[in-house]
Amino acid sequence: MKKIITMFVLLGSVTMAMAQAQIKFEKTSHNFGTFSENDPKVSCTFKFTNVGNEPLVINQALASCGCTVPEYTKTPIQPGESGEIKVTYNGVGKVPGHFKKNITVRSNGTVEISRLYIEGDMTEAK
């Protein structure tokens, strides 16, 4: 009897472990290329899909600096559905030149922490 109970507990644990959300990004980095200090705000969108079998929730998206602002889908993403994270870099008051920033994404997925990267070159205003 103990063996049967143990088997059901193990089977339940395996089933629970298999039932999870999983985030898959189309891309994890974006290069803005060269843009002018005259127009210092640039944005891109990172699209993702929940390839798991449970709803995916983005708990947090944090940028490495205040000049970068992520906006993300707040509602749960059902299995097979997609969401997005829009990232805006604001170069106002920043020294022209190359930059590279990262965004840390926390979710309830099998991989709890993902990193996104943006970079570019802001040229001096003329």
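All figures in this text were calculated on a predicted structure; none of them were measured in a lab.
- When the shell of 6.0 Å around NZ of K24 is examined, it contains 12 or fewer heavy atoms from other residues, nucleotides or ligands.
- Under the side chain to side chain donor-acceptor pair (under 3.5 Å) criterion, the residue pairs touching residues 112-124 are H98-E119, H98-D121, T104-R115, with sequence neighbours excluded.
- Between N90 and V69, the closest side-chain pair of non-hydrogen atoms is not below 4.5 Å.
- In this view, E26 satisfies the side chain to side chain donor-acceptor pair (under 3.5 Å) rule with no residue, not counting sequence neighbours.
- For F48, the ring-ring contact (aromatic ring centres under 6.0 Å, His included) test picks out F25, with sequence neighbours left out.
- The backbone N or O of Q22 sits less than 3.5 Å from a side-chain atom of N50, completing a donor-acceptor pair.
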Which donor-acceptor pairs under 3.5 Å do the side chains of residues 35-47 make with protein atoms, sequence neighbours left out?
unit_1	atom_1	unit_2	atom_2	d
S36	OG	N38	N	2.9
S36	OG	N38	ND2	3.3
E37	OE1	A125	N	3.0
S43	OG	T88	OG1	2.8

### Message
Under the criterion ring-ring contact (aromatic ring centres under 6.0 Å, His included), I'd like the reasoning laid out for F99 against Y89: C-alpha separation, chi angles, the key distance, then a yes or no.
### Response
CA-CA 10 Å; F99 67 89; Y89 172 79; 3.8 Å; yes
Listed pairs under 3.5 Å, donor-acceptor, residues 71-86 side chains, sequence neighbours left out:
unit_1	atom_1	unit_2	atom_2	d
T73	OG1	E84	N	3.2
T73	OG1	E84	O	3.3
S82	OG	T49	OG1	3.1

Output side-chain donor-acceptor pairs under 3.5 Å for residues 54-66, partner residues at least two apart or in another chain, one line each.
unit_1	atom_1	unit_2	atom_2	d
Q60	OE1	R106	NH1	3.1
S64	OG	N102	N	3.2
S64	OG	N102	O	3.4

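- Note that CD1 of I103 and CD1 of I118 are 5.0 Å apart. Values are rounded to the nearest 0.5 Å.
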